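Everything quoted here is computed from the prediction, not taken from an experiment.
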Amino acid sequence: MSLPRVVISGMGFVTSIGNSKGAVLESLTSLKTGIESIDFIPGTKLPVSVAGTIKGFDTQSMSWAGWTWPEGYSFSRDILRNMPPHGLYALCATEQMVADSKLSSEQLSSDETALFCSSAGSPKLLAHYLHQIVDSKGQRVPPAGVVSTIAGTLNFHLAAHYHIHGSVVGFSSACASTTQALGYGFDEIRLGRHKRVIVVGGEEVGLEATYTFHGMRALSRQSDPLKASRPFDKQRDGFVGTGGSVALVIEERESALKRGAPIYAEIVGWGQAGDGHNPAISDPEGNGLATAMKRAFKHAQLEASVIDYVNAHATSTPAGDASEAHALKRIFADCGLAPKISSTKALTGHGLSMSGAMETAFCALSLKEGFVPGSAHITELDPVCNGLNIIQKTEKYTPRYILKNSSGFGGSNVSLILRSIAH
């Protein structure tokens, strides 16, 4: 009995470069950035002053009643009242995905549909609730304070709203989380446990969720949005935070075809490995990521030579980009291979746990629409990248196979291989 082929058959976006598939596609092809100046503390000059902002939404209020969002969505008080700000982003992205994939409410609530989510929770809302408790001397304890703020909040709310009866799982591997979720979702479908898996990542952007990384000296201090996020550039000085949400559905190919859903790409294998090095810093030689890539090739029964494009994890940190460059050299350049390589975080900023789902969706669009996005904002390529084919402009080109890399705190490294449906 042959194993089912697993495809991406629906997607939805709330991102710094667009809140729809069309807007995101236009930004990727034209290299339009979503990074802007931001006042993390209004009226206070801070060393970090840029972020990948979410346009068309206002979630500054601590109450859902004060939020605004783009036209075209209709949500009840019951679903919004206990949600964090990034829960609203996730709802909008998931609604887009449901429409795009043509999934019915019956199919969503079937026990053949699973939901895998990831986020860092809502530190902003958590801080607000804790202040309420302290200021009231313990008399005001918000009933939904836990389920609306902790890392599992998207699982809790989306599973209830869409009546999910398949597996409901949360992933917490930092910036590798949603790529890991896609990998495990692939396994679930291949093993026959589910017909489809919905993968949703969401994050907030602001003082509590973003600026706190400044304490690690991880954020760029550049004030110019066109210079702040520049992966692989010699002068890069840190990442730019972003938020939003991306929702994908992966499923058995035959199920998607039967429903008339769009098929963007096929997932053919994945691999993962740990660095065993440092809680927050990548292995300088990229050993864990190199192993993850090797395992992905072994799982897919493919050679590295088939890869036409690599969507790198590269976040624009000095240490992280260098680590990934060493890993890519070992897999490709040292073997005489030169796939096109870029990091789309130059446009979006770094979406933390949602970045893997977001960039996998970018890869799927690349395969379906026949283009490869360039690595923007590079003025001088870091010599550590010598031998790597890092493209700086979007190219009209239809890749056959794409490799997507993700790395996270604790040394979590994940590599995912996608194939064009035309091959």
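For the residue pair His350 and Thr315, no side-chain donor N or O sits within less than 3.5 Å of a side-chain acceptor on the partner. A donor atom on one side chain and an acceptor atom on the other are found under 3.5 Å apart for Ser122 and Glu204. In this model, no donor atom of one side chain and acceptor atom of the other lie less than 3.5 Å apart for Tyr401 and Glu266. With hydrogens and angles left out, the side-chain atoms of Arg196 and Thr113 include a donor and acceptor closer than 3.5 Å. Checked by atom type, the side-chain pair Asn413/Asp275 shows a donor-acceptor distance below 3.5 Å. Inspection of the Ser375 and Gln392 side chains reveals no N or O donor paired with an N or O acceptor under 3.5 Å. Side-chain N/O atoms of Thr53 and Glu36 include a donor and acceptor closer than 3.5 Å. Using a 3.5 Å distance cut-off with no hydrogens or angles, the side chains of Lys404 and Asn311 do pair a donor with an acceptor. For the residue pair His194 and Glu188, a side-chain donor N or O sits within less than 3.5 Å of a side-chain acceptor on the partner. No hydrogens or angles considered: a donor-acceptor pair under 3.5 Å links the side chains of Gln272 and Gln180. In summary, the side chains of Thr59 and Tyr89 do present a donor paired with an acceptor at a separation below 3.5 Å, with no hydrogens or angles considered. Glu203 and Ser353 share a side-chain donor-acceptor pair at under 3.5 Å. Using modelled atom types and a 3.5 Å distance limit, the side chains of Ser342 and Tyr309 yield a donor-acceptor pair. When only modelled atom types and interatomic distance are considered, Glu208 and Thr212 share no side-chain donor-acceptor pair under 3.5 Å. Side-chain N/O atoms of Gln96 and Tyr73 include a donor and acceptor closer than 3.5 Å. With no hydrogens or angles considered, no side-chain donor-acceptor pair links Asp58 and Thr68 at under 3.5 Å.
Across Leu302, Leu418, Leu416, Val306, a single residue satisfies side-chain contact (heavy atoms from CB on, under 4.5 Å) together with Val268, and that is Leu302. Checked options Val310, Ile307, Val372; the residue passing with Pro399 is Val372 (criterion: side-chain contact (heavy atoms from CB on, under 4.5 Å)).
Checking side-chain atoms of Asp100 against main-chain N and O of Met11 turns up a donor-acceptor pair under 3.5 Å. Put simply, the side chain of Asp233 never gets that close to the backbone of Asp382: no donor and acceptor are under 3.5 Å apart. Side-chain atoms of Thr149 never come within 3.5 Å of backbone atoms of Leu126 as a donor-acceptor pair (strictly under, hydrogens ignored).
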| request: Give the intermediate values and the outcome of side chain to side chain contact (heavy atoms under 4.5 Å, CB included) for residues Ile8 and Ile263. | output: CA-CA 6 Å; Ile8 297 172; Ile263 297 180; over 6 Å; no
| query | For Thr15 and Thr242, what are the C-alpha separation, side-chain angles and deciding distance, and is it a side chain to side chain contact (heavy atoms under 4.5 Å, CB included)? | reply | CA-CA 8 Å; Thr15 74; Thr242 192; over 6 Å; no
| task | Decide salt bridge (Lys or Arg N to Asp or Glu O under 4.0 Å) for Lys340 and Glu395; before the verdict, give the C-alpha distance in whole Å, the side-chain angles of both, and the deciding distance to 0.1 Å. | result | CA-CA 10 Å; Lys340 302 174 192 296; Glu395 298 183 11; 2.8 Å; yes
| query | Stepwise, does the side chain to side chain contact (heavy atoms under 4.5 Å, CB included) test hold for His326 with Val384? | reply | CA-CA 8 Å; His326 286 304; Val384 75; 3.7 Å; yes
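With salt bridges taken as basic N to acidic carboxylate O contacts below 4.0 Å, none links Asp334 and Lys329. Residues Arg236 and Asp321 are paired through a salt bridge, judged by an N-O separation under 4.0 Å between the basic side chain and the carboxylate.
Residues satisfying the side chain to side chain donor-acceptor pair (under 3.5 Å) test with Thr179, not counting sequence neighbours, are Ser406.
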